[in-house]
Amino acid sequence: MTTATPELPTLRVGMLGCGTVGSQVARIITQQHDDLAARTGAHVELVAIAVRDASKDRPGIDPALFTQDAAGLVARDDLDIIIELIGGVESTRELVATALSRGTSVVTANKALLAAHGAELTGIANQTGADLYYEAAVAGAIPILRPLRESLVGDEITMVMGIVNGTTNYILDQMTTTGADFDDALAQAQGLGYAEADPTADIEGHDAAAKAAILASLAFHTRVSGDQVFCEGISHLTAADIEAVTRLGFVLKLLAVAQLTPEDQVSVRVHPVILPNSHPLSSVHGAYNAIFVESREAGRLMFMGPGAGGAPTASAVMGDLVTVARNRKRGVAGHAPSGYTDRVVAPMGGTECLFYLRFDVDDKPGVLAQAASVFSRRGVSLQTVSQIAKLEGPAGHEQPLATLGIMTHETQEQVIQECVAELQAEPFLHGEVRLLRVEGMA
Ligand code: NAP
Ligand code: HSE
């Protein structure tokens with residue numbers, strides 16, 4: 001819909017970056033000009049875009065808008081809002097800090113930046129009365145930060161758990177449903193615009209850890225930085241892991257989990273998890289994300305949608321842009337996140353969950369009892385024990401081998417790590433112990 005609104009004031013927007021996400025934001029600002037004016041009460045004009053290479057052909061965007069001088073752009077006096085879509089941490093921190101210090105509001109999708117410097121940047125924004133909004137930084141198009149900051153702020157959140165990285169969900173889903181090879185699935189995710197510029201951040205879990213830090217900070221009114229999050233990625237997972245998990249009736253996912261402990265500490269972790277097929281997160285396919293929030297009063301809520309990609313992420317950026325534009329128009333700043341608690345981040349060793357272990361042993365009398373005793377001596381209760389394959393021994397080894405699969409009852413991370421270390425040293429063990437954490441069995 002278009003409405004003639006020539007008498008409205010103009011809000012001038014500068015953008016840093018015009019890649020997968022930025023090009024979509026530029027398109028929407030141009031295409032939706034009249035509707036944005038009607039929704040914000042101001043003409044929202046994109047007046048400059050900083051990129052690495054201003055000579056690149058960018059169809060549909062006025063070439064006169066481009067500059068390679070990002071520092072010059074954020075220092076301009078005539079801008080009301082900066083949209084940061086470059087990525088990276090240290091150089092971008094400088095740019096965003098400069099804009100905020102000058103009272104220019106910032107919308108960003110940069111989770112790595114916020115997980116590392118969120119507290120500092122929020123502090124600068126509070127001092128100058130600028131807005132700092134970052135809905136697109138977590139879970140792409142899914143509105144999750146605003147519900148945590150606003151809709152649920154009167155409740156007490158106890159847990160946030162979900163799939164927050166589209167690239168890894170895409171890779172694991174392709175490996176599970178089509179038998180795709182890891183590298184091929186990653187290349188597809190990159191081609192579709194889901195992966196970070198350096199996909200190591202995705203596959204080693206750092207991107208999800210940054211998002212987990214942001215979620216935990218907002219949910220628990222505290223400050224958690226990315227480097228405080230326990231982080232294990234998916235690059236070590238093999239087709240054999242996927243096959244064993246599938247045979248068990250489970251699905252492998254990379255999850256972020258943030259919860260309050262009974263000691264009122266914050267436990268925040270990112271790692272592969274196996275979920276029963278019947279669990280709602282098991283049927284989240286492709287680059288979709290899904291997040292459960294548990295709170296004392298509301299109970300359990302689930303948010304789901306596209307977690308990556310240019311247009312879905314641009315949708316979240318545009319939501320923030322409209323909010324910030326409305327605030328600028330009224331001459332106010334939005335309410336900053338309430339980080340008033342100083343909760344300690346709990347050590348990973350104390351985390352309790354179920355575990356699934358798979359390992360090859362000599363197939364001979366007594367081995368199962370010896371393996372079981374490694375757990376029983378530490379008080380770890382076993383839920384199921386199965387021999388899931390019989391194998392030929394390695395060359396020169398007469399003894400056939402058996403693959404054992406063990407699901408424990410709930411136990412502490414540090415205790416299970418001790419069991420793994422002891423099993424690893426046993427002469428009956430061949431190869432390595434594969435350890436996976438289990439969720440969704442309660
Ligand atoms: P991208 O496709 O790699 O685009 C990056 C843009 O930044 C490019 O336009 C590049 O210019 C420009 N740029 C890089 N270095 C620059 C510099 N020093 N000065 C000026 N411009 C520079 O990245 P993206 O996928 O759009 O991601 C952007 C941000 O959104 C990142 O923080 C990312 O984590 C976040 N995000 C992405 C997604 C997604 O699905 N892609 C989803 C959520 C959040 P050139 O075009 O000239 O190379
Ligand atoms: N690389 C990120 C992902 C982009 O795959 O989820 C969305 O934040």
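Just so you know, ligand 1 is whichever comes first in the structure, and atom 1 is the first atom listed for that ligand. Keep in mind that what you see is a predicted model, and the values were worked out from it rather than measured.
Nearest heavy atoms, A109 versus L85: CB-CD2, 3.6 Å. Pairing each heavy atom of M441 with each of P276, the nearest pair is SD-CG, 4.0 Å.
Proximity to E196 (heavy-atom distance under 4.0 Å) selects the following atoms of ligand 2: 1 (N), 2 (C), 4 (C). Remark: ligand 2 atoms within the under-4.0 Å shell around heavy atoms of G307 are 6 (O), 7 (C). Less than 4.0 angstrom separates some heavy atom of D202 from each of these atoms of ligand 2: 1 (N), 2 (C), 3 (C), 5 (O). Of all the atoms in ligand 1, the ones that sit under 4.0 Å from a non-hydrogen atom of L85 are 5 (C), 6 (C), 7 (O), 28 (C). Listed by number with element, the atoms of ligand 1 under 4.0 Å from a non-hydrogen atom of A308 are 40 (O). Applying the 4.0 Å criterion to heavy atoms of K111 picks out, from ligand 2, the atoms 2 (C), 4 (C), 7 (C), 8 (O). Under a 4.0 Å criterion applied to the non-hydrogen atoms of Y194, ligand 2 contributes the atoms 1 (N), 2 (C), 3 (C), 4 (C), 5 (O). Near D53, with a cut-off below 4.0 Å to any heavy atom, the atoms of ligand 1 are 47 (O). Near E196, meaning under 4.0 Å from one of its heavy atoms, ligand 1 places the atoms 33 (C), 34 (O).
With rounding to the nearest 0.5 Å, the separation of CE in M348 from NE2 in H271 is 4.0 Å. From N277, atom CG reaches atom OG1 of T246 across 8.0 Å, with rounding to the nearest 0.5 Å. The CD atom of E439 lies 14.5 Å from the NZ atom of K253; values are rounded to the nearest 0.5 Å. Here the OH atom belonging to Y356 is positioned 7.5 Å from the OG1 atom belonging to T384, to the nearest 0.5 angstrom. Between M407 atom CE and L436 atom CG the span is 10.0 Å, to the nearest 0.5 Å. We find the OG1-CD1 distance between T167 and I203 to be 9.5 Å, quoted to the nearest 0.5 Å.
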Could you check R12 against E45 for salt bridge (charged side-chain N to carboxylate O under 4.0 Å, His left out), going step by step and ending with a plain yes or no?
CA-CA 5 Å; R12 295 165 66 82; E45 301 289 351; over 6 Å; no
Between R269 and E413, does a salt bridge (charged side-chain N to carboxylate O under 4.0 Å, His left out) hold up when you go through it step by step?
CA-CA 12 Å; R269 52 199 166 98; E413 173 82 20; over 6 Å; no
Which is it for I144 and E135 under the side-chain contact (heavy atoms from CB on, under 4.5 Å) test, yes or no, and what are the steps along the way?
CA-CA 7 Å; I144 179 67; E135 181 65 65; 3.9 Å; yes
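Counting heavy atoms of neighbouring residues, nucleotides and ligands inside a 6.0 Å radius, atom CG of D53 exceeds 12 of them.
For atom 23 (O) of ligand 1, the nearest protein heavy atom is 4.0 Å or more away. At a distance under 4.0 Å, a protein heavy atom can be found next to atom 48 (O) of ligand 1.
The side chain to side chain contact (heavy atoms under 4.5 Å, CB included) with R434 is formed by just one residue from the set T238, V245, T403; it is T238.
Residue contact check for ligand 1: L16 places no non-hydrogen atom closer than 4.0 Å to it. Not a single heavy atom of G140 sits less than 4.0 Å from an atom of ligand 2. Ligand 1 is approached by G309 to a heavy-atom distance shorter than 4.0 Å. Look at R58 and you'll find a heavy atom under 4.0 Å from some atom of ligand 1. Close to ligand 1: K111, with a non-hydrogen atom less than 4.0 angstrom away.
Side-chain contact between L281 and F292 is present, with heavy atoms from C-beta onward closer than 4.5 Å. Looking only at side-chain heavy atoms (C-beta outward), V324 and L11 stay at 4.5 Å or farther from each other.
Residue, atom and distance of the protein heavy atom nearest to atom 37 (C) of ligand 1 are V21 CG2, 3.7 Å. With respect to atom 2 (O) of ligand 1, the closest heavy atom belonging to the protein is T20 N, 2.9 Å. Protein heavy atom in closest approach to atom 9 (O) of ligand 1: C18 N, 2.8 Å. Given atom 12 (C) of ligand 1, the protein heavy atom at minimum distance is G17 CA, 3.8 Å. At the top of the distance list for atom 39 (C) of ligand 1, counting protein heavy atoms only, stands G193 O, 3.6 Å. Looking only at heavy atoms of the protein, atom 30 (O) of ligand 1 is closest to A109 CB, 3.6 Å. Looking only at heavy atoms of the protein, atom 42 (C) of ligand 1 is closest to T313 OG1, 3.1 Å. Nearest non-hydrogen protein atom to atom 17 (C) of ligand 1 is I86 CD1, 4.1 Å. The nearest heavy-atom contact from the protein to atom 5 (O) of ligand 2 is T167 OG1, 2.6 Å.
Considering both main-chain and side-chain atoms, K211 comes within under 3.5 Å of ligand 2 through a nitrogen or oxygen pair. For ligand 2, the polar-atom distance check finds an N/O of G166 within less than 3.5 Å of one of the ligand's N/O atoms.
Using cut-offs of 30° and 60° on the angle between ring planes, the pair H43 and H33 is parallel.
Ion pairing between a basic and an acidic side chain is recognised when a charged N comes within 4.0 Å of a carboxylate O; K111 and E196 show such pairing.
Contact annotation: for N165 versus ligand 2, heavy atoms closer than 4.0 Å belong to both the backbone and the side chain. Counting heavy atoms under 4.0 Å from ligand 1, residue A136 touches it through the backbone alone.
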